[in-house]
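Shown next, in structure tokens, is the structure this report addresses.
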Protein chains: 2
Amino acid sequence: MNTDQPIFRALADPTRRDILLMLRDTDMTITQVASNFDMTRAAVKKHLTVLSDGGLITVRANGREKYNALNPNAFTPIRDWLSFFDAFWDDRLSTLKTLIEKDST
Amino acid sequence: MNTDQPIFRALADPTRRDILLMLRDTDMTITQVASNFDMTRAAVKKHLTVLSDGGLITVRANGREKYNALNPNAFTPIRDWLSFFDAFWDDRLSTLKTLIEKDST
DNA sequence: CTCACGTGATACTGATTGGTATCACTTTAT
DNA sequence: ATAAAGTGATACCAATCAGTATCACGTGAG
């Protein structure tokens with residue numbers, strides 16, 4: 001799929017992966033997230049936008065604050081993509097198995 | 001883990017993901033891979049280097065040719081990283097469950 | 001109302017990245 | 001031996017990206 005690009009891109013940056021781990025424990029506002037990094041709030045905001053574009057987080061407004069939360073379905077596309085290779089391993093193993101069995105007759 | 005960076009970076013490019021899908025079916029030389037893309041062999045070589053750095057492929061020399069093959073253990077780090085969030089979902093669900101049960105008493 | 005707080009958005013800079021062009025090296029075939 | 005095929009490596013260019021600085025906008029408290 002070409003629609004996977006935003007999520008793979010979102011996961012490519014270590015800062016963004018750290019943010020996801022933070023949101024694992026609790027939802028956070030931009031300022032709260034930024035307080036955990038040695039970087040400007042604007043920079044963090046950019047990362048959050050990329051994460052949102054990748055569907056990894058959702059944003060919920062609460063007054064003048066905005067809470068960022070992990071999206072429960074976030075990693076489904078990644079798992080689906082990975083599973084595309086599982087079938088392959090099975091194929092190769094079954095091919096190997098066939099060869100071995102053929103050899104043992 | 002910070003050691004995950006090479007593999008996440010390797011998967012961030014759509015061309016590289018396509019290469020992995022190609023290698024899913026059969027091992028290929030650089031020239032063979034390059035013939036499937038509208039880009040120079042040198043560019044493909046760069047992608048293969050990144051994939052190799054990420055531990056996603058292995059390279060085997062055969063005379064003057066070099067065969068690139070998918071690494072069977074390639075995706076383990078990714079799966080491990082993803083599983084780090086599974087525990088979290090369970091926690092949140094059990095918290096929710098506890099709240100519901102407490103509410104129903 | 002007024003002012004501080006939390007956020008959004010833009011322009012700009014330095015670093016990284018994808019890609020090309022080019023040359024050098026090794027191996028196979030004639 | 002000589003040439004062609006397959007690959008490695010470097011320098012270079014254009015585009016993208018991470019981060020900063022700065023200003024504008026809406027919200028809540030005094």
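Of the two residues near DNA chain D, B:I30 and A:V50, the one whose nearest nucleotide lies more 5' is B:I30.
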Inset, instruction - Given side-chain contact (heavy atoms from CB on, under 4.5 Å), test A:F37 with A:I19 step by step and report yes or no. - result: CA-CA 9 Å; A:F37 291 96; A:I19 291 177; 3.7 Å; yes
Could you go over nucleotides 28-30 of chain D and give all protein N or O partners under 3.5 Å, atom names and distances?
none

Dump the pairs, protein N or O against N or O of nucleotides 20-23 of chain D, anything under 3.5 Å, distances to one decimal.
| residue | atom | partner | partner atom | Å |
| --- | --- | --- | --- | --- |
| D:dT20 | OP2 | A:T40 | N | 2.7 |
| D:dT20 | OP2 | A:T40 | OG1 | 2.6 |
| D:dT20 | O5' | A:T40 | OG1 | 3.2 |

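Heavy-atom minimum distance, A:P14 versus B:Q5: CD-OE1, 3.4 Å. Nearest heavy-atom pair across A:A74 and A:I7 is O-CD1, 3.3 Å. Contact detail for A:M28 and A:Q32: the closest heavy-atom pair is CA-OE1, 3.2 Å. A pairwise comparison of heavy atoms in A:R24 and B:F84 identifies NH1-O, 2.7 Å as the closest pair. Heavy atoms only, all atoms of each residue included: A:R17 and A:L11 are closest at NH1-O, 2.8 Å. Across every non-hydrogen atom of B:N68 and B:T29, the tightest pair is OD1-C, 3.9 Å.
Closest to the A:E65 side chain, of the nucleotides C:dG18, C:dG6, D:dG6, is C:dG6.
Protein atom CD of B:Q5 is 11 Å distant from nucleotide atom P of D:dA18, rounded to whole Å. Taking atom CZ of residue A:F37 and atom C1' of nucleotide D:dG19, one finds them 14 Å apart after rounding to whole Å. The interatomic distance linking A:Y67 (OH) with C:dT7 (C1') rounds to 13 Å, in whole Å. Between B:R17 atom CZ and C:dG18 atom P there is a gap of 12 Å when expressed in whole angstrom units. Summarising the geometry, the separation between CG on B:L48 and P on D:dA9 is reported as 13 Å, rounded to the nearest angstrom.
Distance check, rounded to the nearest 0.5 Å: CG of A:N36 to CG of A:D38 gives 11.5 Å.
For D:dC17, neither phosphate oxygen OP1 nor OP2 lies less than 4.0 angstrom from any side-chain nitrogen or oxygen of A:H47. For A:K45 and D:dG19, the shortest distance from a side-chain N or O to OP1 or OP2 is not below 4.0 Å.
B:F8 and B:W81 have perpendicular rings, their planes meeting at more than 60° on a 0 to 90° scale where under 30° would count as parallel.
Direction change of the helix axis from one end of the helix from C:dC1-D:dG30 to C:dT30-D:dA1 to the other is 20°, with five pairs defining each end axis (rounded to 10°).
Checked against side-chain hydrogen bond (donor to acceptor under 3.5 Å, both in side chains), B:R64 has no partners two or more places apart in sequence or in another chain.
Residues A:I30 and A:M39 share a single hydrophobic cluster, defined by chaining ILVMFWY side chains whose heavy atoms lie under 4.5 Å apart. A single hydrophobic cluster is seen to contain both B:L82 and A:L23, as judged by linkage of ILVMFWY side chains at heavy-atom distances under 4.5 Å, directly or through other members.
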Got a list of side-chain donor-acceptor pairs under 3.5 Å for residues 46-57 of chain A, not counting sequence neighbours?
| residue | atom | partner | partner atom | Å |
| --- | --- | --- | --- | --- |
| A:H47 | ND1 | A:R16 | NH1 | 3.1 |
| A:T49 | OG1 | A:K45 | O | 3.0 |

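Looking at B:D27 and B:R60, a side-chain N of the basic residue comes within less than 4.0 Å of a carboxylate O on the acidic one, giving a salt bridge.
Less than 4.0 Å separates DNA chain D from at least one heavy atom of each of the following residues of residues 6-16 of chain A: A:R9, A:D13, A:R16.
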